[in-house]
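Since the structure comes first, as structure tokens, the remarks are kept for the end.
The chain is numbered in sequence order, starting from 1. Values below: every heavy atom of this structure, side chains too, minus hydrogens, waters and symmetry copies.
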Amino acid sequence: MTITIYGIKSCSTMKKAFTKLDDLGVSYNFHDYKKQGIDKDSVQRWVNELGIDKVLNKRGTTWRKLEDAQKKAADSDVAKAIDLLIENASMIKRPIVEDQSVLLCGYDEAEFDTNFS
């Protein structure tokens, strides 16, 4: 099974996810937001399946640095929130792990064990 893991290489949570997948013997493709960006269709699919509250990371520094008007717009309009995620991919909760049958958001060791063992 080959999956795609989306995120930022230097993120400590990503490093945990890489290690876990390696330990489980799972092959994966890595999509680095910093180098490759992210397309609207992917973000829209994630939001449709998981919800904007799961995908949008409001705990990070990128969110905190936004102007209040941008935060307010994202809170009241999902389409605007998706546009912000595309412009600022570091606000997407990491990792996003996806294959044909699985879509995970965030690192949860038990979820990785359940889905990839």
Side-chain angles (χ1 to χ4, degrees):
M1 161 184 17
T2 299
I3 64 171
T4 302
I5 182 169
Y6 298 84
I8 298 168
K9 191 168 187 91
S10 61
C11 171
S12 61
T13 304
M14 292 297 299
K15 291 176 184 178
K16 291 177 193 175
F18 293 140
T19 299
K20 184 65 177 177
L21 291 173
D22 291 342
D23 290 348
L24 292 171
V26 175
S27 62
Y28 56 86
N29 297 314
F30 171 55
H31 182 103
D32 189 333
Y33 297 139
K34 294 281 188 189
K35 294 181 181 176
Q36 298 167 274
I38 191 63
D39 62 279
K40 187 170 188 166
D41 289 341
S42 295
V43 176
Q44 185 70 59
R45 182 177 64 253
W46 301 335
V47 169
N48 289 348
E49 290 189 39
L50 302 169
I52 191 65
D53 292 333
K54 180 89 173 168
V55 177
L56 174 59
N57 178 11
K58 292 184 177 181
R59 295 173 61 192
T61 56
T62 305
W63 174 262
R64 290 193 301 263
K65 288 180 181 179
L66 291 178
E67 295 177 13
D68 288 341
Q70 290 175 297
K71 292 177 186 176
K72 195 175 220 178
D75 282 338
S76 63
D77 185 337
V78 173
K80 289 180 181 172
I82 289 171
D83 289 342
L84 272 175
L85 289 173
I86 294 164
E87 292 170 25
N88 303 282
S90 58
M91 289 192 318
I92 300 171
K93 189 165 185 180
R94 298 181 293 271
I96 298 278
V97 182
E98 177 175 52
D99 73 5
Q100 298 83 359
S101 60
V102 174
L103 178 61
L104 304 176
C105 183
Y107 178 70
D108 179 322
E109 187 172 0
E111 268 190 325
F112 275 54
D113 284 333
T114 299
N115 285 285
F116 303 116
S117 290

Item to check | Set of side chain to side chain contact (heavy atoms under 4.5 Å, CB included) partners for Asp39, sequence neighbours left out | outcome: Asp41, Ser42
Just how far is it from atom [atom1] of [X] to atom [atom2] of [Y], taken to the nearest 0.5 Å?
X: Ile52; Y: Leu85; atom1: CD1; atom2: CG; answer: 5.0 Å
X: Glu98; Y: Thr4; atom1: CD; atom2: OG1; answer: 7.0 Å
X: Asn48; Y: Ile82; atom1: CG; atom2: CD1; answer: 6.5 Å
X: Lys54; Y: Leu104; atom1: NZ; atom2: CG; answer: 8.5 Å
X: Asp108; Y: Glu111; atom1: CG; atom2: CD; answer: 4.5 Å
X: Asn29; Y: Ile3; atom1: CG; atom2: CD1; answer: 9.0 Å

Checklist entry - In terms of ring plane angle, is the pair Phe18 and Tyr28 parallel, tilted or perpendicular, where the classes change at 30° and 60°? => result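 Geometry flag for Tyr28 against Phe18: parallel rings.
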Checklist entry - For the residue pair Phe112 and Tyr107, does the interplanar ring angle fall in the parallel (under 30°), tilted (30 to 60°) or perpendicular (over 60°) class? => result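 Geometry flag for Tyr107 against Phe112: perpendicular rings.
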Do [X] and [Y] have side chains that approach each other closer than 4.5 Å (heavy atoms only, starting at C-beta)?
X: Lys20; Y: Asp113; result: yes
X: Met91; Y: Leu66; result: yes
X: Tyr33; Y: Ile96; result: yes
X: His31; Y: Ile38; result: yes
X: Val97; Y: Phe116; result: yes

Next on the checklist: Minimum heavy-atom separation for Arg94 and Gly7, please, with both atom names.
Outcome noted: CD-CA, 3.9 Å
Checklist entry - For Ala81 and Ala74, which heavy atoms make the closest approach, and how far apart are they? => result CB-O, 3.6 Å
Item to check | Cluster check Val102, Val47: I/L/V/M/F/W/Y, side chain < 4.5 angstrom | outcome: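 No; tracing contacts between hydrophobic side chains, which count when under 4.5 Å, never links both residues.
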Item to check | Hydrophobic cluster identity match, Phe30 and Leu24, side-chain contacts under 4.5 Å | outcome: yes
Next on the checklist: Restricting to side-chain hydrogen bond (donor to acceptor under 3.5 Å, both in side chains), what partner residues turn up for Lys93, sequence neighbours left out?
Outcome noted: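 Counting only residues at least two positions away or on another chain, Lys93 forms no side-chain hydrogen bond (donor to acceptor under 3.5 Å, both in side chains).
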Enumerate, atom names and distances included, each donor-acceptor pair closer than 3.5 Å involving a side-chain atom of residues 55-63, sequence neighbours excluded.
residue, atom, partner, partner atom, Å
Asn57, OD1, Arg59, N, 2.9
Lys58, NZ, Asp75, OD1, 2.4
Thr62, OG1, Ser90, OG, 2.9

Next on the checklist: Any side-chain to backbone donor/acceptor pair from Asn88 onto Leu84? Under 3.5 Å, distance only.
Outcome noted: yes
